[in-house]
Every structure is written in C-alpha cells, then in structure tokens.
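Throughout, a chain's letter reflects where its sequence line sits, starting with A, and its residues are numbered from 1.
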Protein chains: 2
Amino acid sequence: MSSNDFASKLDRLAQIAVRVGLNLQPGQELVMTAPVEALELTRKITEQAYKAGASLVTTLFNDDAATLARFQYAPESSFDKAPAWLYQAMAEAYRSGAARLAISGQNPGLLRGQNPEHVARASKAQAIAYQPALELITRFHVNWTIVSYATPSWARTVFPDDPEDVAVSKLWEAIFRASRVDGDDPVAAWEAHNRRLKERVDFLNARRYQALHFRGPGTDLRVGLAEGHLWVGGRSPAKNGVACNPNIPTEEVFTTPHKDRIEGYVSSSKPLSHQGSLIDGIRVRFEGGRIVEASARQGEEILRKLLESDEGARSLGEVALVPHSSPIAQMGVLFYNTLFDENAASHIALGQAYSECMVDGDRLSPEELAARGANSSLIHVDWMIGSNEMDVDGLTHSGTLEPLMRSGEWAFSV
Amino acid sequence: MSSNDFASKLDRLAQIAVRVGLNLQPGQELVMTAPVEALELTRKITEQAYKAGASLVTTLFNDDAATLARFQYAPESSFDKAPAWLYQAMAEAYRSGAARLAISGQNPGLLRGQNPEHVARASKAQAIAYQPALELITRFHVNWTIVSYATPSWARTVFPDDPEDVAVSKLWEAIFRASRVDGDDPVAAWEAHNRRLKERVDFLNARRYQALHFRGPGTDLRVGLAEGHLWVGGRSPAKNGVACNPNIPTEEVFTTPHKDRIEGYVSSSKPLSHQGSLIDGIRVRFEGGRIVEASARQGEEILRKLLESDEGARSLGEVALVPHSSPIAQMGVLFYNTLFDENAASHIALGQAYSECMVDGDRLSPEELAARGANSSLIHVDWMIGSNEMDVDGLTHSGTLEPLMRSGEWAFSV
C-alpha cells in the first residue's frame with residue numbers, strides 16, 4: 001500500500017466513523033477515547049467531526065505503557081482504585097448530549113505475566129467506576145461507535161511471524177477491508193450492508209423463537225431467549241433520535257438470552273483477549289442458566305476471576321449469529337480483539353444484557369427486565385463459539401426446530 | 001548531549017517533578033496533563049509516581065493539532081463551548097486528594113493567524129469552565145507542580161535559526177539547567193535553592209512595604225501592596241499538609257498588589273505568549289489601580305480582548321521580583337513560555353490574586369480578600385517588565401524609599 005493510498009484510506013475510515021458510525025449531528029459535542037498510538041486517526045476524526053459541525057471534540061488518550069507501569073511499580077494497595085471522577089465526567093458529557101467514539105487498538109497481551117490477583121482487582125474496580133458511563137452507552141442514551149487502529153503491539157500479536165512494518169500493514173489492510181472503506185463509495189457500501197443486516201433482523205424478530213440450539217464440536221447448547229427479546233444488527237437508533245452504527249466493522253445480528261433458561265455445554269472456537277490477558281480453549285456447562293463448570297486450556301485463572309465478578313457474570317447477556325462467510329471470518333485471521341473476532345463467528349456474552357435488545361427495553365425497570373429474563377452484571381464479555389462446523393436451530397413456541405445456520409452459513413433466505 | 005545522557009537527565013527531571021515538585025505522598029492519586037508530544041516524560045513521571053507509592057496516575061493529554069483543527073473547521077457557534085464536564089471532574093479529583101502535575105510545552109504561536117474574535121471567545125469559555133479546578137490549585141488545596149517538555153514546535157519558536165533537532169537539543173539543555181537537574185545531586189540543589197528563596201521572602205515579609213516603585217525604560221510605576229500581603233517563593237505548603245514546589249523552574253519571589261492603588265505607566269520587557277498568540281511591546285497606564293490606556297506593538301487586539309475578560313482583568317493580581325542574574329535570564333533566551341520567561345525577569349500579572357500571597361488568605365472570604373486589596377478575575381496572565389535597567393524601591397509605611405533592586409540585581413543582603 002503506498003503512503004498516499006494509506007492516507008486516503010485513513011481519511012475514509014475517519015469519514016465513515018463520523019458520518020456512518022456516529023452519524024454526528026451539527027452542534028453535537030464528541031467525546032473520543034483512543035490509544036496514544038492512534039494520534040493520527042484521532043486528528044483525522046477531529047477534523048471530520050468539526051467539518052460535520054461538532055461543537056467541541058475532546059479526546060481522552062490511554063497509554064498501555066502507563067497501564068503496565070502500574071502493575072510493575074504501584075503499591076499493593078493501588079489495585080482497588082479507578083478514576084471514578086473521570087468516568088462520572090464522561091457520563092455527564094453523555095447526559096448533556098455528547099456523542100461517543102472509541103478507538104480500539106490496545107495490546108491484546110499487555111498484562112500477560114502480571115499478577116492475576118492484581119489484574120482482577122484492577123479490572124473489577126474499573127468496571128464499577130465505569131458503570132455509570134457504560135450504562136448510558138449500552139442503553140443508547142446517545143449515538144456512539146467503535147473503530148480500530150492498527151497499533152504495532154496489536155499487529156505483532158496478530159501476525160507474529162512478520163516484521164513489525166509488514167504486520168502493521170497487513171492489519172491495516174484487514175481493518176480497511178472489514179470496515180468497508182476500501183471500495184469506491186464506502187458510504188453506499190455501508191447503506192447496502194445495513195440493509196442486508198436489517199433483513200435478517202426482521203426475519204428473526206418475526207419468528208419469535210423461544211430458544212436457539214447450537215450444535216458443533218464440543219458444543220450442545222440450548223439458549224432460551226428472553227420474553228420480549230428483540231434482534232438487532234447494523235444501524236441502531238439512539239434515544240437522542242440519531243441512528244448510529246455502534247461497531248465498525250459489524251457483521252452480527254444479536255439478541256437477549258433468558259438468563260435462567262440456558263442448558264448444556266459449549267466450547268470456545270477462538271481465543272478471547274480480555275483486558276490484556278488471553279483466555280483460550282474455554283469449555284463451560286450451564287444448568288438453569290448458570291455456568292456450573294468452567295475450564296480453559298489457557299488463562300483459566302482469569303476466566304474464574306471473571307465468573308466471580310458478580311452473580312450475573314455466570315449467565316449470558318447476549319447471543320449473536322455471524323455467518324462463516326462474513327468478510328472477517330474469510331480473512332482467516334485471529335485478531336485478538338473482540339470488535340473483529342466477534343464479527344468472525346457466532347458468539348455469546350457473559351454478563352450484562354442490552355436493553356436495546358428487548359422490546360420497550362428503555363421503558364422497562366431493571367426489575368421488569370430481569371423478570372423477562374434479561375441478565376444484569378458489571379461485565380459484558382463476548383466469546384466466540386461459531387465455526388464452519390456449527391449448526392443452529394430456532395425452537396418455535398409450538399416446539400418445532402427450524403434451521404437457522406448449517407455448517408456456519410445462513411440456512412434461511414430473506 | 002548523548003542519548004544516554006539525555007535519558008538520564010529526563011529521568012532526573014521526572015524524579016524532581018515527583019519528589020520535589022509534587023512531593024507526592026504514598027497512597028496519593030495523581031492527575032497529570034501533558035501535550036501528546038511529551039509522552040516519554042509522562043511515562044517516566046508515571047513510573048516515578050508509582051515508585052513513590054501513588055495509588056493511581058491518570059494523564060489527560062492535549063493535542064495542539066486538535067486545538068488548531070477547531071479554529072480551522074468548526075462552525076461559528078462552537079467557540080463558546082468548553083469541556084466543563086472534564087474540568088469539574090478534575091476539581092472533583094483534587095477535592096478527593098489527588099495531586100496535580102502539568103507538563104508545559106505547547107506551541108507558543110499555535111493560534112497566530114486565527115480569528116482573534118474566535119480565539120477570545122474560546123479562551124473565555126475555557127477560563128469560565130476551568131475556574132472550579134483552577135481555583136483549587138491556586139488556593140493550594142493540594143500539592144501541585146508544573147514542569148516542561150521541549151516539544152519541536154516550542155523549540156523552533158525559541159531557536160528559529162537552528163535546524164529542528166538542534167533547536168530541540170538546545171531547549172532541552174536550557175530546561176535541564178533551569179530545572180537544576182544537570183548537577184550531581186538535583187535534590188540537594190533544590191534544597192539549597194529553596195533555602196535562598198526563603199531568605200529573600202523572610203526579609204521582604206519583615207519589611208511590610210506599603211508599595212513598590214519600578215523605574216526603567218518606559219516604566220515609572222507605583223504598585224501599592226495589599227494589606228496583609230505575604231511574599232512567597234520556592235517551596236509552598238498546600239492545605240493538605242504537603243509542601244510542594246509548584247513551578248519547576250522557579251526564581252521569583254512574589255506577592256499581592258493592592259488592586260485600587262496602582263499608578264503610573266509600565267512597558268513590557270519581553271513578549272508574552274498567551275494561549276497560542278504573541279503579544280509584544282505592551283505599554284499600559286494605570287489610574288486608581290485600573291488600566292486606563294493600553295497598547296501593544298504586536299497582538300494589541302488580543303491584549304484588548306484580554307483586558308475585557310472581566311472587571312478584574314484591568315488590574316493586577318501579582319507582582320514578582322526576579323534578579324537579572326537568575327540562571328534563566330543569564331541564558332539570554334526568550335522562551336515564549338511564562339514558566340521560563342517569568343523567571344527571567346521581574347513581572348506583574350493581570351487578573352486573579354493568589355490567596356497564598358495573603359496572610360490568612362485561605363481563611364478569608366472573597367469579600368474580605370477584596371477589602372484588603374486582593375484582585376479577583378477569571379484570568380491570571382503574567383507579563384515581564386524587569387531587565388538589567390530596572391530599579392525597584394520599597395516604600396515603607398513611614399514614607400521612606402528603600403532600594404530593593406538596582407540595574408536588575410538585588411540591592412539588599414540577607
């Protein structure tokens with residue numbers, strides 16, 4: 001890729017982030033978070049945002065080196081602390097109407113080798129402090145989006161056999177392709193993609209299945225669906241009236257499981273990168289909606305700490321279908337980044353459910369949501385279970401099974 | 001300077017910032033602000049802070065390019081907006097005990113050429129939003145400090161005739177020397193320096209002058225001192241009981257003028273870099289403590305807007321004495337950065353007075369402070385009036401003049 005070509009694709013990624021991802025409105029404020037390495041992209045997004053009429057763009061940078069320094073040098077008593085003052089401020093910005101853009105690109109293995117006890121404590125403190133801001137985002141109080149930046153540490157993890165510059169270049173190609181900015185008219189490509197996702201969503205919502213049944217290597221899982229669950233995918237309307245594309249890329253259609261109606265066992269089909277640690281070869285068994293057995297070939301300790309986060313961490317808050325023919329799956333690359341890997345395979349998420357995935361979700365109280373089966377937790381962690389060997393059926397309320405996926409591909413037409 | 005030598009001096013600057021500047025306490029949180037270019041120094045300071053027992057270090061980076069993009073691309077309606085949510089959060093962090101470190105290094109001429117009306121509006125919105133956080137700092141609610149980083153844009157402004165790498169190298173030499181980290185034992189050097197400043201401060205406080213009289217080229221100014229004014233310099237005790245060195249470098253001893261008792265005219269002896277704009281050749285005339293005439297050879301429009309910020313912007317909140325033999329003055333370099341230039345020359349500041357420069361300042365109400373002559377304003381802008389041609393006298397309450405400086409040097413011994 002020539003440097004001109006790169007600059008022009010990065011420009012288009014910034015445009016897609018602002019125009020499609022956020023659908024930023026004239027006069028709207030923007031709060032952006034980014035790794036410091038993504039400075040160049042933050043500048044392009046800032047420019048695009050002001051050109052779209054933003055009143056103010058504020059970027060909060062995070063630095064992997066500073067995060068790591070804490071685990072290396074901070075006193076033992078440090079790890080239960082998180083910058084609540086900063087997250088409350090972000091929540092305040094959203095409440096006053098600011099849109100939210102996150103640039104993803106952290107080193108997936110940053111905290112490998114650090115004390116798992118410290119990692120778990122810091123992660124829990126972070127989750128608690130971040131909750132007020134995160135809740136406004138997951139409940140779509142404002143329009144928001146996530147895009148990616150190919151940081152060197154991430155690229156080296158994805159392409160460990162290549163020199164760093166080659167790895168970064170390959171990861172950029174993958175990001176540009178998955179984010180649909182490598183064609184002539186990225187905005188039109190996103191319009192078409194959003195339309196196709198909406199067709200799948202509309203079909204699944206019309207069927208009102210009571211459960212999904214997953215079968216594949218190491219997996220025989222029945223996931224009951226919440227009463228009044230809603231399938232969602234692609235463009236989503238936020239409560240401020242702005243329709244946004246909250247993930248770039250996105251290939252999934254997803255909905256809310258019933259937290260008390262999950263039975264059977266399931267195995268991960270790809271490693272999970274969780275807050276700087278890798279968890280691979282996960283196998284868990286559900287009874288009555290709760291994980292009662294859990295193991296992992298790698299990172300089992302981190303998985304156990306994760307499941308102990310709170311009561312809701314042992315159940316599911318999301319189930320998502322992604323065909324194996326998705327462009328990201330077809331790249332055949334493990335990205336060690338949920339934003340990409342969750343769009344390469346069908347997946348489930350431990351923890352918090354999304355109220356947008358429930359009929360009238362934003363008008364229901366937490367108690368009403370729980371009564372319909374929507375799970376609640378401080379965490380929301382996606383992990384991949386789909387592959388080209390996975391079959392999925394929908395169980396109708398009359399008790400018949402209808403094929404939804406066969407060998408990882410859609411088995412119904414719309 | 002070899003790269004090893006540079007790394008070791010940068011390490012020492014980080015140590016001095018944490019140990020002497022902040023005097024950071026075990027278990028204390030730290031909030032740092034920095035230009036993105038200063039990433040390397042933020043990492044060293046973060047490491048030093050955790051080694052000193054910090055519970056959490058959070059860095060808020062700012063990016064000159066993003067600031068500039070706003071003036072280039074944002075809509076007209078943007079400029080009255082500031083991220084109040086972020087500054088309120090910083091104030092909240094200080095109220096809960098966090099220390100504050102600022103890294104200075106912005107491009108002094110960043111906003112040159114931008115619409116002065118927009119610059120003034122943005123600057124005023126910023127000042128109003130930042131007020132709650134700034135007030136906690138100026139009132140020494142917690143220990144705080146400012147250190148510098150030689151960004152390329154700043155270095156090019158200071159050394160315009162050198163290639164960029166040479167300019168950066170020269171500016172680093174100046175920073176290391178002025179910050180007293182180029183000797184064998186920087187901590188001991190700061191102990192000795194703080195002792196010398198304290199001797200001057202003790203002498204001036206014992207004399208209880210009613211006014212200072214400045215005479216030099218273009219200057220004949222009588223600055224009445226506030227009733228109960230206190231001279232301050234070097235190490236200062238914060239209200240949380242921690243003694244810090246709020247500026248690194250620092251050479252000044254300073255106190256509070258009487259806002260209604262300033263008479264005569266004064267000319268600037270160095271250009272002032274104010275929020276990205278340069279103001280040079282300032283000449284103003286005071287009557288009854290208020291500026292009644294003001295002109296500038298360069299940036300007069302910015303100066304006028306500054307004086308129109310609010311009622312208190314036309315009077316003085318600080319008067320400071322710095323001998324011409326100060327190491328920074330001796331470098332003979334104009335830094336276009338207040339942290340350095342104010343320590344190269346005696347100076348005055350438009351706007352807000354410091355309660356630390358009043359006897360019992362933190363126990364007096366705003367009304368009581370005003371009754372004693374302390375000025376209040378949203379702004380606090382230092383500008384340099386001293387030189388090797390400046391004489392300063394102290395006017396005693398019995399009406400006699402005592403020489404304090406002659407030709408820019410101390411004229412009394414301690």
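For S96(B), no part lies under 4.5 angstrom from a heavy atom of chain A.
For a heavy-atom cut-off of 4.5 Å, chain B lies close to no residue in residues 131-139 of chain A. Taking 4.5 Å as the heavy-atom cut-off, the residues of residues 40-58 of chain A that approach chain B are R43(A), T46(A), E47(A), Y50(A), K51(A), G53(A), A54(A), S55(A), L56(A), T58(A), ordered by number. Using a 4.5 Å cut-off between non-hydrogen atoms, the part of residues 70-94 of chain A that approaches chain B consists of R70(A), Y73(A), A74(A), P75(A), S78(A), K81(A), A82(A), P83(A), W85(A), L86(A), A89(A), M90(A), E92(A), A93(A). Identified by a heavy-atom distance below 4.5 Å to chain B, contributing residues of residues 97-118 of chain A are lacking entirely.
Environment of NZ in K124(A): sparse, with no more than 12 heavy atoms of neighbouring residues, nucleotides or ligands closer than 6.0 Å.
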Between L39(A) and D63(B), does the side chain to side chain contact (heavy atoms under 4.5 Å, CB included) criterion hold? Intermediate values first, please. CA-CA 9 Å; L39(A) 180 63; D63(B) 179 19; 3.5 Å; yes
